[in-house]
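Written out below as structure tokens is the structure these notes cover.
Computed over heavy atoms, backbone and side chain alike; hydrogens, waters and symmetry mates excluded. Count residues from 1 along the sequence.
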Amino acid sequence: PVIVDVQPVFIPINVRSADSRMGDTERGAYTFAYKKMMDAGLMLTGGSDSPCDSFNPLDGVYALVNRKDYTGYPEGGWHPQECIGVYDALRMYTYNAAYSSYEENIKGTIKEGKLADFVVCAPDLTPKAVYLGGFAAGAGAGRAEVDTAVQLLAAKTALVMEGDLF
């Protein structure tokens, strides 16, 4: 497949200005058009523009799923037809990223024999526990410790929805 590495964290910082910068709303609809890309058969991987923007993959997942800034603007999402479901957004940061670096046999999904660095999240994507090498590193830790572990794992993690191990 054709693989495209995108930076979803640009969505929240550009929702208020992208349409005007593109000239109008119609042209703006093609800005960060990740769903269109996926529907066309492209494989997308999620990245960041770190250190310029957040390197926390959960910020990218938020952007892909909601297409809003961090205050919740605009209601309903910016060009909501481009919203991507949680599963597809997580897959961009996990399996797709591993596949793009020829590492899908050792990471990107949770399977016996693979690296076991991952974050367990609540349904709202709040990190609940962090596992490094298969061992609980952040289970029961405070929010700051979990956030730190999430940042350390950033692009090398498999993110898991609590109760849904794909």
Side-chain angles (χ1 to χ4, degrees), residues 1 3-15 32-35 37-38 42-73 77-78 80 82-166:
I3 301 169
V4 181
D5 183 50
V6 299
Q7 289 70 42
V9 294
F10 290 162
I11 295 170
I13 61 173
N14 285 289
V15 297
F32 311 116
Y34 303 140
K35 180 134 180 23
M37 292 179 186
M38 290 173 59
L42 299 174
M43 177 184 271
L44 274 60
T45 64
S48 71
D49 193 34
S50 180
C52 299
D53 285 303
S54 171
F55 56 85
N56 184 335
L58 294 177
D59 291 338
V61 170
Y62 169 86
L64 290 163
V65 171
N66 297 292
R67 294 186 60 88
K68 298 177 180 182
D69 68 14
Y70 298 117
T71 69
Y73 175 87
W78 175 65
E82 289 297 320
C83 289
I84 294 173
V86 172
Y87 177 84
D88 288 330
L90 290 171
R91 190 168 172 90
M92 287 172 59
Y93 283 91
T94 57
Y95 177 78
N96 291 5
Y99 182 89
S100 74
S101 62
Y102 302 98
E103 297 177 296
E104 71 274 16
N105 293 321
I106 62 166
K107 63 183 180 179
T109 57
I110 298 182
K111 185 176 178 183
E112 186 176 347
K114 288 189 172 187
L115 299 175
D117 295 346
F118 62 93
V119 178
V120 177
C121 296
D124 68 354
L125 295 181
T126 303
K128 294 295 183 184
V130 176
Y131 290 79
L132 301 172
F135 296 96
R143 173 67 192 222
E145 290 84 1
V146 172
D147 283 348
T148 299
V150 168
Q151 291 174 357
L152 291 173
L153 291 173
K156 304 226 181 254
T157 187
L159 298 169
V160 182
M161 292 293 291
E162 190 169 42
D164 180 10
L165 297 178
F166 304 105

Handout entry: Exercise: identify the closest heavy-atom pair between Gly60 and Pro8
Key = O-CB, 3.6 Å

Exercise for the section: Please examine the side chains of Asp117 and Lys107, heavy atoms only from C-beta on, and report whether any two atoms are closer than 4.5 Å. Expected result: no

Practice task
State whether the number of non-hydrogen atoms from other residues, nucleotides or ligands found under 6.0 Å of Lys35 atom NZ is greater than 12.
Solution key: no

Practice task
Drop me the distance from Asn96's CG to Asp5's CG, to the nearest 0.5 angstrom.
Solution key: 10.5 Å

Fill in the blank from the handout: OG1 of Thr45 to CE of Met92, rounded to nearest 0.5 Å, is 6.5 Å

Practice task
Walk me through it: do Tyr131 and Ile110 pass the test side-chain contact (heavy atoms from CB on, under 4.5 Å)?
Solution key: CA-CA 11 Å; Tyr131 290 79; Ile110 298 182; over 6 Å; no

Handout entry: Heavy-atom check, side chain of Leu115 versus side chain of Glu103, under 4.5 Å
Key = no

Problem - Distance-minimising heavy-atom pair for Ala63 and Pro12 - result: CB-CD, 3.5 Å

Problem - Heavy atoms of other groups near Tyr99 OH, more than 12 under 6.0 Å - result: no

Fill in the blank from the handout: Correct closest heavy-atom pair for Pro57 and Tyr93 would be CB-CD2, 3.6 Å

Fill in the blank from the handout: Scanning both residues in full, the closest heavy-atom pair of Tyr34 with Gln7 reads OH-O, 3.7 Å

Practice task
From the options Arg67, Glu82, Lys68, select the one residue that forms a side-chain contact (heavy atoms from CB on, under 4.5 Å) with Ile11.
Solution key: Arg67

Handout entry: Closest non-hydrogen atom pair between Leu64 and Ala89, with its separation
Key = CD1-CB, 3.8 Å

Exercise for the section: Scan side-chain atoms only and decide if Ser54 and Asn56 contain a donor-acceptor pair under the 3.5 Å cut-off. Expected result: no

Exercise for the section: Grab the two heavy atoms, one from Asp69 and one from Tyr62, that are nearest each other, plus how far apart they are. Expected result: O-OH, 2.9 Å

Problem - Heavy-atom check, side chain of Tyr70 versus side chain of Asp59, under 4.5 Å - result: yes

